[in-house]
Participant: 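Before anything else, here's the structure in question.
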Amino acid sequence: MNKSHTPSTSNFIKQIIAADLASGKHVKIRTRFPPEPNGYLHLGHAKSILLNFGLAKEYGGACNLRFDDTNPEKEEQAYVDSIVESVKWLGADFGGKALYASDYFDFMYQCAEHLVTSGNAYVDSQSADEMKHNRGFFTKPGVDSLFRSRSSSENLSLLREMRDGKHADGAHVLRAKIDMRSPNINLRDPALYRIKKATHHRTGDKWCIYPMYTYAHPIEDAVEKITHSLCTLEFEDQRPFYDWLLNKLADGGLLQRPLPQQIEFARLNLTHVLLSKRLLIKLVEGGHVDGWDDPRMPTLAGARRRGYTADGLRRFAERIGVSKAHQMIDYSILEDCMREHLNEIAPRRMAVLDPIKLVIENYPEGQEELMDVPNHPQKPEWGKRQVPFSRELWIERDDYTDSPPKGYFRLAPGATVRLRYGYAVKCEGYHNGIVRCTYLAETRSGTPGADAVKVKGNIHWVSVKHAHAAQVHLYDRLFKIEHPESVEHLNPDSIKTVSAQLEPGLKDSKESHVQFERHGYFICDDGRVNRTVTLRDSWAKH
RNA sequence: UGGGGCGUCGCCAAGCUGGUCUAAGGCACCGGAUUUUGAUUCCGGCAUUCCUAGGUUCGAAUCCUAGCGCCCCAGCCA
């Protein structure tokens, strides 16, 4: 249905899907995005969300939003809420209803009993330290637990006692019985269930044993009839267990084939930011930022407040692609995607961020004119607005200099520039902090005389009398170095608040994106004005 | 030094059932044109080379062998 859209380039996952569809293994695909509700979603998750939902859309399938809530000690409803909000904001269609791993706890437990009775799992009563010790090393095979040979009836009653709260945390753990000597450490009898007398944010105190991710995830996928289960590279070693488990359960009649297939891709790495929940939590709790949704945070909630758009993120995901090679993407790619999108949707406005006064000495005192200003020069259909012009204007401090460097074509003594959409003015001097000019009355924009005078420079302005003063937040990157590792690398100038002068009529917009001409893209939200990203500036290189 | 992955232009990334590859595309970069945003847009340039070394073949980024480099795995986290 979106065939008219630019066909995205091929990638290895699409090839697998296309082959599965062609062979008839699946008639319809289903993917899923499975966050753990233990933090806010960040830019890295956006890649995964856009990938999973994007594939579903492209192939006419579906994608589930499923919370992997198997560890009650770390998870909270507040995180669930923020995640749902971010996923919706990204435009992902998950059918309106989020799913939860905890909804399958009963079934997972049933599967556990089956594994026990079929001799594929046992209750181990070693301490965590003993288990660790007996697991061995990379080069040293593990050794069997003393409890590995318990009878299935003993295992079953122990498992039930665990479930019924008869044992303390850590007293026992249910383990898969595979091979303690496997070269793949993940196959050395991985833990399936642990005792955790904790209250779960959804199931309350119903359970005191909780499934491990390793065990729960494949079952979640199978129950939901996921066809392609996409995850990041670090789970590659887990895939043999994923398949082992599912096949055992399918053999036992608990699951139907075809079983889901786990496919791994490289996670997103971005320069100038940290994308690990652990470090992000540190920033929040250490008070280095104003919370998870601080506009400088690489969270989706933060990105949104910064003025980043879902569409910009989509372009970004498309641009970086998907593969198994580790990617390190320069942050400027993301910024560029935002510019690309914002350039299309943001109406243009004038704002002076660092104001100094300009007086047109030969412009009649008290006179005012309304200038016709296009809302978007490349989109005449967006119409024009009228902006008041008068004798005293605010202009940008940077647009005047006493000693112009070579190639400078803004205001300097004797120089002529155009006040964008107004008149051409000639600079007569600078006294008492005020730039003094004279204007050429016949050069009003939109009149034939406008083209008679050619100027290089073109600067924006706001009439002093009509200006709307506002605090504008100029955001820059949170970290000053390319590969930050800790709070020491925070950029001290990541936020600067300036007293700006905006053209009238800009104050009461809600989550609206605008371009301040010659500055960049900003988002106005309930009186708060944030800079999303600057415009490209090839002059700044000089 | 066990197991699993990855290695194509500065950054991504197609290609990988061998020839149409003197290697697509994007971003960056460098020109040049348009422009009342030093923005946007436009046009042109940008890997005889595919981690290295051998081999197979009439022919290899694509197959084989041996190296080298990087990442991941020893939670009752996900």
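Letters A, B, ... are given to chains in the order of the sequence lines, protein chains preceding strands, and every chain is numbered from 1. Note that these values count all heavy atoms, side chains included, but never hydrogens, waters or copies made by symmetry.
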Participant: For A:Leu51 and B:A13, give me the distance from atom CG to atom P, rounded to whole Å.
Facilitator: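 Distance check: A:Leu51 CG to B:A13 P gives 12 Å.
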Participant: My understanding is that only residues two or more places apart in sequence, or in another chain, count here; which of them pass side-chain hydrogen bond (donor to acceptor under 3.5 Å, both in side chains) with A:Thr401?
Facilitator: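 For A:Thr401 there are no side-chain hydrogen bond (donor to acceptor under 3.5 Å, both in side chains) partners, ignoring immediate neighbours.
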Participant: With a non-hydrogen cut-off below 4.0 angstrom, is A:Asn11 in contact with a base, only sugar-phosphate, or nothing?
Facilitator: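 Contact class for A:Asn11: sugar-phosphate only.
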Participant: What pairs meet the salt bridge (charged side-chain N to carboxylate O under 4.0 Å, His left out) rule with one or both residues in residues 173-188 of chain A, with sequence neighbours excluded?
Facilitator: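 For residues 173-188 of chain A, and leaving out neighbouring residues, the salt bridge (charged side-chain N to carboxylate O under 4.0 Å, His left out) pairs sorted by first residue read A:Asp124-A:Arg175, A:Asp144-A:Arg181.
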Participant: Taking N and O atoms by type only, does the side chain of A:Arg339 place a donor or acceptor under 3.5 Å from a partner on the base of B:U40?
Facilitator: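 Result: no qualifying N/O pair found.
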Participant: For the side chain of A:His326, starting at C-beta, report the closest nucleotide among B:A28, B:G75, B:C71.
Facilitator: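 Of the candidates, B:C71 comes closest.
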Participant: Round to the nearest Å and state the distance from A:Asn184 atom CG to B:G5 atom P.
Facilitator: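 After rounding, the gap between these two atoms is 10 Å.
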Participant: To the nearest Å, give me how far apart CZ (A:Arg66) and P (B:A78) are.
Facilitator: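 In whole Å, B:A78 P and A:Arg66 CZ are 13 Å from each other.
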Participant: Please state how far atom CZ in A:Phe265 lies from atom C1' in B:C6, giving the value in whole angstrom units.
Facilitator: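 Result: 16 Å.
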Participant: Show each protein N/O and nucleotides 60-63 of chain B N/O combination with a separation under 3.5 Å, one pair to a line.
Facilitator:
none

Participant: With heavy atoms under 4.0 Å as the rule, sort A:Val322 into base, sugar-phosphate or nothing.
Facilitator: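 A:Val322: backbone/sugar contact only, no base atoms under 4.0 Å.
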Participant: Which part of the nucleic acid, if any, lies within contact of A:Ala450, taking any heavy atom under 4.0 Å across all strands shown: a base, the sugar-phosphate backbone alone, or nothing?
Facilitator: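 If one applies the 4.0 Å heavy-atom cut-off, A:Ala450 turns out to touch a base.
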Participant: Measuring from the side chain of A:Ala325 (C-beta onward, heavy atoms only), which nucleotide among B:G4, B:A13, B:U36 has the closest atom?
Facilitator: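 Output: B:A13.
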Participant: So what does A:Pro240 hit on the nucleic acid, given a heavy-atom distance under 4.0 Å: a base, only sugar-phosphate, or nothing?
Facilitator: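 Here A:Pro240 touches no strand at all.
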Participant: So if I take every side-chain heavy atom of A:Arg194 and compare against B:G5, B:A78, B:C6, which nucleotide ends up nearest?
Facilitator: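 Of the candidates, B:A78 comes closest.
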Participant: A:Arg267 CZ to B:C6 C1': how many Å, rounded?
Facilitator: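 After rounding, the reported distance stands at 16 Å.
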Participant: Identify whether any heavy atom of A:Gln238 sits under 4.0 Å from a base atom; if not, whether one sits that close to sugar-phosphate; answer base, sugar-phosphate or nothing.
Facilitator: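 Base, at least one base atom sits under 4.0 Å.
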Participant: When the distance from NZ of A:Lys324 to C1' of B:C12 is rounded to whole Å, what number comes out?
Facilitator: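 Atom-to-atom, A:Lys324 to B:C12, this comes out as 18 Å.
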Participant: What is the separation between atom NE2 on A:His133 and atom P on B:A74, rounded to the nearest whole Å?
Facilitator: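 One finds 17 Å between P of B:A74 and NE2 of A:His133, rounded.
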Participant: Return one dot-bracket line describing RNA chain B 5' to 3' (Watson-Crick or G-U wobble pairs, both distances under 3.5 Å; ( ) same strand, [ ] crossing, | another strand, . none).
Facilitator: .(((((((.[[[..)...(.....]]].(((((.......))))).....[[[[[..)....]]]]])))))).....
Participant: Show each protein N/O and nucleotides 41-44 of chain B N/O combination with a separation under 3.5 Å, one pair to a line.
Facilitator:
none

Participant: Within the 4.0 Å heavy-atom criterion, would you say A:Lys456 contacts the bases, only the backbone, or no part of the nucleic acid?
Facilitator: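 Answer is nothing: A:Lys456 stays at 4.0 Å or more from every strand.
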Participant: Whole-Å distance between B:G3 C1' and A:Phe235 CZ?
Facilitator: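 So the CZ-C1' distance, A:Phe235 to B:G3, works out to 18 Å.
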Participant: Between the protein and nucleotides 23-26 of chain B, are there any N/O to N/O pairs under 3.5 Å, and if so, what are the atom names and distances?
Facilitator:
none

Participant: Looking at B:A78 and A:Tyr213: do their rings stack (centroid distance under 5.5 Å, interplanar angle under 30°)?
Facilitator: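 Stack criterion not met.
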Participant: Please classify the nucleic acid contact of A:Ser323 as base, sugar-phosphate, or nothing, using heavy-atom distances under 4.0 Å.
Facilitator: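 Touches sugar-phosphate only.
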Participant: Side-chain N or O of A:Lys196 less than 4.0 angstrom from OP1 or OP2 on B:C77?
Facilitator: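 It does, given that an N or O in the side chain of A:Lys196 lies less than 4.0 Å from OP1 or OP2 of B:C77.
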Participant: Given B:C72, B:C12, B:C73, which nucleotide is nearest the side-chain atoms of A:Glu234?
Facilitator: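 Out of B:C72, B:C12, B:C73, the nucleotide with an atom closest to A:Glu234's side chain is B:C72.
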